[in-house]
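First the structure, in the form of structure tokens, and then the observations on it.
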Amino acid sequence: MRLHLITAPRTGGTWLLDCLVSLYNPFQLKHPVDWFNEPFNKDIINIDEALTWMLTDPRSVIKNHIRHIFAHDLYASKDQITHMLSVDWYTILILRSNTLEQSISYALSRTKNEWAKYTNSPVHISLDLFERSALAIWTSINLMFQRPYDITYNKIIFTEDLIYKPVHDCSLITRDIVQNDIIGITSPSYPKYQQILNYDELLEYSKTLVDRLPKIPGVVTNGWNIIKIDWAVI
């Protein structure tokens, strides 16, 4: 079966993609990694070439940020997205319950331009960037539950379910694993408080933002934390 990860930044989605490609579909590693990762990231890939590959490989594994699918004017055309969805996918939604840490991580990556390989160099993050990052994360979560193109989620995984051991994390999705060696995994990130000079300031500022986070029907929250998904409402 083909696996489609739908996510937002800083959820461990790239880690999970790397695990699945290495253990579930190692043949995929023979393709240029610049385009099997996120097929609608048009800055680095040939979308039509990616579509041709993913529709002919019955074990293809792809990841899309929800904005790549929703904002077809910016990333891929509506026809290309429809083309991608024209075959059956086992679709996995990846959410991070702790959206505060997700927002801080997103602001950090935007500051350092580090998305898969990380340094431990200290930086200061502006409150404005942190706020914009938080609202971007919550906008993505909102888009996920609008389910563009009537996408059906076969499974939902929270980042907090991952233990960053390849076989375990893959088995959250499929036990059909053909090898145990993982290749090209993303490097672990350093603790945020070690890198962000004003980490405590961000935590304090987050208290002023919590009441302004979007309310999403069916998503039950406790402050910054997603605690329950009420599918009957969605």
Side-chain angles (χ1 to χ4, degrees), residues 1-28 36-41 50-51 53-55 57-70 81-99 101-102 105 116 137-180 182 185-186 216-222 225-234:
M1 66 182 173
R2 297 175 177 85
L3 304 178
H4 183 191
L5 310 180
I6 294 182
T7 187
R10 321 318 298 159
T11 63
T14 299
W15 157 263
L16 194 51
L17 175 85
D18 287 347
C19 291
L20 288 165
V21 169
S22 286
L23 304 186
Y24 175 74
N25 190 18
F27 177 78
Q28 186 168 317
F36 81 63
N37 184 356
E38 296 178 13
F40 293 150
N41 190 339
L51 289 172
W53 156 72
M54 71 178 64
L55 296 177
D57 185 342
R59 294 174 74 93
S60 55
V61 184
I62 64 170
K63 179 186 78 171
N64 279 306
H65 286 187
I66 189 64
R67 68 178 185 270
H68 293 164
I69 298 173
F70 209 95
I81 295 170
T82 302
H83 188 192
M84 180 201 73
L85 296 172
S86 65
V87 296
D88 291 334
W89 294 94
Y90 187 82
T91 303
I92 304 98
L93 178 65
I94 309 175
L95 286 173
R96 188 167 179 171
S97 177
N98 188 336
T99 64
E101 281 297 300
Q102 183 179 1
S105 179
I137 292 298
W138 275 84
T139 297
S140 286
I141 295 170
N142 190 18
L143 294 178
M144 288 172 176
F145 292 103
Q146 292 184 32
R147 297 195 306 112
Y149 299 88
D150 295 323
I151 290 173
T152 297
Y153 301 125
N154 301 102
K155 193 175 188 66
I156 180 170
I157 289 178
F158 282 91
T159 304
E160 288 78 6
D161 295 332
L162 304 176
I163 65 172
Y164 296 93
K165 292 186 178 180
V167 172
H168 171 276
D169 289 352
C170 279
S171 68
L172 295 174
I173 296 173
T174 178
R175 297 186 181 276
D176 181 9
I177 294 174
V178 298
Q179 68 177 37
N180 292 320
I182 185 167
I185 62 172
T186 57
I216 304 172
V219 179
V220 183
T221 61
N222 179 10
N225 295 306
I226 298 173
I227 60 175
K228 181 181 178 182
I229 306 298
D230 186 353
W231 291 104
V233 176
I234 296 171

Tyr24 to Val178 - nearest heavy-atom pair and separation: O-CG2, 3.9 Å
Arg2 side chain to Ile62 backbone, donor-acceptor under 3.5 Å: no
Results of side-chain hydrogen bond (donor to acceptor under 3.5 Å, both in side chains) for Ser140 - residues two or more places apart only: none
Heavy-atom pair with the smallest gap, counting every atom of Asp161 and Leu172: O-CD1, 3.8 Å
Ring centre gap for Phe145 and Trp231 strictly below 6.0 Å: yes
Greater than 12 external heavy atoms within 6.0 Å of Asp88's CG: no
Interatomic distance, His168 atom NE2 to Ser171 atom OG [nearest 0.5 angstrom]: 5.5 Å
Pair Trp53-Ser60, side-chain donor/acceptor within less than 3.5 Å: no
Closest contact, heavy atoms only, Leu95 versus Glu160: O-OE1, 4.4 Å
Rounded distance [0.5 Å steps], CH2 in Trp15 versus CG in Leu162: 8.5 Å
Atom of Met144, atom of Ala8 and distance for their closest heavy-atom approach: CE-N, 3.5 Å
Cation-aromatic face contact Arg147/Tyr153, 6.0 Å, 45 degrees: no
Straight-line distance of Ile173 CD1 to Leu16 CG, nearest 0.5 Å: 4.0 Å
Any donor-acceptor pair under 3.5 Å from Asp169 side chain to Tyr164 backbone: yes
Exam field: side chain Gln28 to backbone Leu20, donor-acceptor pair closer than 3.5 Å: no
Stepwise side-chain contact (heavy atoms from CB on, under 4.5 Å) test for Trp138 and Ile216: CA-CA 9 Å; Trp138 275 84; Ile216 304 172; 3.9 Å; yes
Validation row: Ile94, Ile6 side chains within 4.5 angstrom (heavy atoms): no
Gap separating the CD1 atom of Ile177 from the CG atom of Asn25, nearest 0.5 angstrom: 12.5 Å
Qualifying residue, where the test is side chain to side chain donor-acceptor pair (under 3.5 Å) with Lys63 and the options are Thr14, Thr7, Asp18: Thr14
Evaluation steps, side-chain contact (heavy atoms from CB on, under 4.5 Å), between Met84 and Asn64: CA-CA 11 Å; Met84 180 201 73; Asn64 279 306; 3.5 Å; yes
Rounded distance [0.5 Å steps], CD in Gln102 versus CD1 in Ile141: 5.5 Å
Rounded distance [0.5 Å steps], CG in Leu17 versus NE2 in His4: 10.5 Å
Nearest heavy-atom neighbours spanning Leu3 and Thr174: CD1-CG2, 4.4 Å
Stepwise side-chain contact (heavy atoms from CB on, under 4.5 Å) check, Gln146 with Ile66: CA-CA 10 Å; Gln146 292 184 32; Ile66 189 64; over 6 Å; no
For the student: nearest non-hydrogen atoms of Ser97 and Ile226, plus distance: OG-O, 2.6 Å
Leu5 vs Trp89 side-chain heavy atoms within contact, under 4.5 Å: no
Any Arg96 side-chain heavy atom under 4.5 Å of Ile137 side chain: no
Tyr90 and Lys155: CA distance, side-chain angles, deciding distance, side-chain contact (heavy atoms from CB on, under 4.5 Å) verdict: CA-CA 8 Å; Tyr90 187 82; Lys155 193 175 188 66; 3.7 Å; yes
